[in-house]
Amino acid sequence: MRPDFVAAVRAAWAEQLPDLDTDPVAVVGRISRAARLLERATKARLAEHGLEPWEYDVLAALRRSGPKATLSAGTLTASMLVTPGTMTNRIDRMVNRRLVSTGIAPDDRRSTLVTLTRSGRTLVEAAAAGLMAVEQEAIAGLSTQRRQRLANLLHELLLTLGDDAPPEKATTGATPPTRRRPPR
């Protein structure tokens with residue numbers, strides 16, 4: 001197997017600190033490095049659509065949520081792994097761009113609902129196709145069997161790290177438990 005950057009890092013550590021166990025770097029270092037390389041390609045493709053990765057993530061979550069393309073701000077916050085303040089800022093910026101609209105949940109006035117606008121839907125659908133092409137290109141060198149094996153191993157790792165299934169609404173369209181509206 002051809003050496004990669006992480007192999008060079010491990011070799012350097014072995015030379016400098018021979019007793020240091022760098023086995024975790026073989027996995028975590030490669031995941032981290034792959035994520036950065038993929039992020040670079042993703043950012044470039046999304047920039048063609050005038051989107052930042054976080055904007056795409058919000059728009060895509062709304063688009064996947066079902067025909068109404070609406071989620072609570074709390075559900076978005078939980079699925080994006082950000083703080084409520086960060087999510088509020090992001091939603092406000094996307095409202096200003098007319099990619100989403102907000103409203104108060106009719107069943108809980110403390111909860112903000114975020115809805116994909118027509119222009120947001122058009123944009124995310126166009127960006128999704130381009131992004132899937134980038135991801136397909138990234139894994140093109142792996143056989144179908146290796147892709148599945150890697151996907152299964154990463155699935156196990158994510159579960160080990162506590163990354164369970166997304167909030168119910170994001171996958172089923174069911175109404176999730178609501179959270180208090182973040183202060184503005």
Side-chain angles (χ1 to χ4, degrees), residues 27-28 31-43 45-47 49-132 134-135 138 150-184:
V27 175
V28 177
I31 290 171
S32 179
R33 189 149 176 91
R36 287 193 296 268
L37 292 169
L38 289 168
E39 183 179 17
R40 185 185 302 166
T42 296
K43 284 181 93 165
R45 182 57 57 97
L46 291 176
H49 298 278
L51 289 172
E52 291 292 329
W54 65 264
E55 290 172 310
Y56 174 81
D57 290 344
V58 172
L59 295 175
L62 291 167
R63 181 64 184 92
R64 290 190 311 263
S65 70
K68 293 184 181 180
T70 299
L71 293 171
S72 72
T75 298
L76 285 169
T77 299
S79 67
M80 302 294 146
L81 300 175
V82 297
T83 66
T86 297
M87 195 74 243
T88 298
N89 179 276
R90 289 177 175 185
I91 291 168
D92 289 345
R93 290 171 64 183
M94 295 178 79
V95 166
N96 289 338
R97 289 189 61 195
R98 294 186 166 91
L99 299 174
V100 301
S101 62
T102 59
I104 303 299
D107 59 336
D108 182 355
R109 295 184 44 79
R110 300 168 297 171
S111 180
T112 299
L113 295 179
V114 182
T115 303
L116 193 61
T117 63
R118 181 172 284 139
S119 61
R121 179 183 295 262
T122 301
L123 187 57
V124 74
E125 288 175 0
L131 192 55
M132 293 304 150
V134 166
E135 292 176 0
L150 179 58
N152 290 339
L153 290 169
L154 291 170
H155 173 84
E156 287 180 41
L157 178 61
L158 287 172
L159 292 177
T160 299
L161 293 171
D163 192 31
D164 296 325
E168 190 176 328
K169 173 69 173 173
T171 56
T172 66
T175 302
T178 56
R179 292 176 52 163
R180 288 191 82 102
R181 182 179 179 180
R184 294 197 176 215

Practice problem: Report yes if some heavy atom in the side chain of L99 is under 4.5 Å from a heavy atom in the side chain of V58; otherwise report no. | Solution: no
Quiz item: Could you state the interatomic distance from CZ (R63) to CG (L71), rounded to the nearest 0.5 Å?
Solution: 12.5 Å
Exercise. Kindly give the heavy-atom pair with the smallest separation between A105 and L113, and that separation in Å.
Key: CA-CD1, 3.7 Å
Quiz prompt | Smallest separation among heavy atoms of A41 and V134, with atom names | solution = CB-CG1, 3.8 Å
Exercise. Can you measure from OG1 (T77) to CD1 (I91) and round to the nearest 0.5 angstrom?
Key: 6.0 Å
Self-check item: Short side-chain donor-acceptor distance under 3.5 Å, R118 and T122
Solution: no
Quiz item: Between the main-chain N or O of R98 and the side-chain N or O of S119, is there a donor-acceptor pair closer than 3.5 Å?
Solution: yes
Quiz item: Applying the side-chain contact (heavy atoms from CB on, under 4.5 Å) test to T102, which of D92, T115, T112 qualifies?
Solution: T112
Quiz item: Do I31 and L157 have side chains that get closer than 4.5 Å, going by heavy atoms?
Solution: yes
Quiz prompt | Flag side-chain contact, heavy atom, 4.5 Å: Y56 against R45 | solution = no
Quiz prompt | Distance (rounded to the nearest 0.5 Å) between L37 CG and T42 OG1 | solution = 10.5 Å
Quiz prompt | Pairwise distance NE2(H49) to CD(E125) - rounded to 0.5 angstrom | solution = 12.0 Å
Practice problem: Drop me the distance from L76's CG to M94's CE, to the nearest 0.5 angstrom. | Solution: 9.0 Å
Quiz item: How close do T117 and S101 get, heavy atom to heavy atom, and via which atoms?
Solution: CG2-N, 3.8 Å
Quiz item: Are any non-hydrogen side-chain atoms of T70 and L116 less than 4.5 angstrom apart?
Solution: no
Exercise. Mind checking the OG1-CE spacing from T86 to M80? Nearest 0.5 Å is all I need.
Key: 12.5 Å
Quiz item: Looking only at heavy atoms, what is the nearest atom pair of A127 and L46, with distance?
Solution: CB-CD2, 4.0 Å
